[in-house]
Amino acid sequence: MSHYPEAHFIKSANAPGQFVPDTGTEVAFAGRSNAGKSSAINVIVNRRQFARTSKIPGRTRLVNFFSLGDEQRLVDLPGYGFARVADKMRDHWADLIADYFESRKSLRGLFLVVDIRRQLTDYDRQMLGFANSVGLPAHVLLTKTDKLKRGQAAKALLEVRRELGDAATVQHFSALSRLGDEEARAKLDEFLALSPG
Ligand SMILES: Nc1nc2c(ncn2[C@@H]2O[C@H](COP(=O)(O)OP(=O)(O)O)[C@@H](O)[C@H]2O)c(=O)[nH]1
Ligand SMILES: [Mg+2]
């Protein structure tokens with residue numbers, strides 16, 4: 001069963017004017033492309049193909065709004081990690097994301113999806129910087145934990161924790177084994193219940 005039985009896609013936005021009305025609460029999901037963001041969202045919402053894992057180039061470049069029911073939303077931010085993308089497009093995404101973080105009153109937290117084998121990238125630091133600059137709490141899902149041995153996974157978590165300090169909370173996650181799904185949902189619900197910052 002879905003943990004958010006009323007969850008559904010609302011719309012995609014390519015410009016701030018297309019964002020859904022800024023009421024209720026929402027949590028943004030970001031991650032470098034291929035980090036495993038769509039897979040993580042599917043596991044958290046507990047629905048296969050909720051946020052498509054397959055490559056749909058159009059959609060991955062837009063801000064995608066999903067309702068979780070009851071004036072609560074999950075917002076899938078564009079990954080902009082493509083090698084073949086023109087700088088101009090990348091600037092457009094960066095502007096769109098900056099605008100989103102600065103303007104959304106309903107935004108309560110950031111979920112950052114990071115491939116545990118790659119550690120934090122400049123993209124991740126930039127996203128955490130956006131969240132930090134507007135006083136937004138952040139949570140890092142170190143996903144694909146199933147790809148590492150136990151000891152390596154524990155070491156990677158400690159390293160990321162050390163780098164982030166108080167800037168974000170961190171957990172292990174795997175879309176494959178569903179490791180960490182309850183912890184992620186608890187954090188998502190905690191963020192969605194926060195009062196305006
Ligand atoms: N082994 C493993 N593979 C994963 C995991 N999460 C995602 N993947 C794979 O990584 C690739 C990219 O995943 P996707 O969710 O589409 O990444 P996105 O671009 O960040 O949305 C796909 O082939 C997924 O099947 C995970 O936790 N474990
Ligand atoms: Mg995706």
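Remember, it's a predicted structure, so these values are computed and weren't measured experimentally. Each ligand, and each atom within it, is numbered from 1 in the order the structure gives.
With hydrogens and angles left out, the side-chain atoms of Asn42 and Ser39 include no donor and acceptor closer than 3.5 Å. With hydrogens and angles left out, the side-chain atoms of Thr23 and Glu71 include a donor and acceptor closer than 3.5 Å. Between the side chains of Asp189 and Tyr4, a donor-acceptor pair is found at a separation under 3.5 Å.
Per-residue contacts place Thr143 under 4.0 angstrom from the following atoms of ligand 1 (heavy atoms of the residue considered): 27 (O). Listed by atom number, the atoms of ligand 1 under 4.0 Å from Lys147 heavy atoms are 1 (N), 2 (C). Of all atoms in ligand 1, listed by their number and element, those nearer than 4.0 Å to a heavy atom of Gly36 are 7 (C), 13 (O), 14 (P), 15 (O), 17 (O), 18 (P), 20 (O). Near Arg32, the atoms of ligand 1 lying under 4.0 angstrom from a non-hydrogen atom of the residue are 20 (O). Atoms of ligand 1 found under 4.0 Å from any heavy atom of Ala175, numbered from 1 in the order shown, are 6 (N), 26 (C), 27 (O). Those atoms of ligand 1 with a heavy atom of Ser33 less than 4.0 angstrom away are 19 (O).
Taken to the nearest 0.5 Å, the NE2 atom of His3 stands 4.5 Å off from the CG atom of Asn46.
At a cut-off of 2.8 Å, Ser38 coordinates the Mg ion (ligand 2) through an N, O or S atom.
Closest approach of Pro78 to Ile97, counting heavy atoms only: O-CD1, 3.9 Å. Between Leu110 and Ala131, the shortest heavy-atom contact is CD2-CB, 3.9 Å.
Between Ser174 and ligand 1 there is a heavy-atom distance shorter than 4.0 Å.
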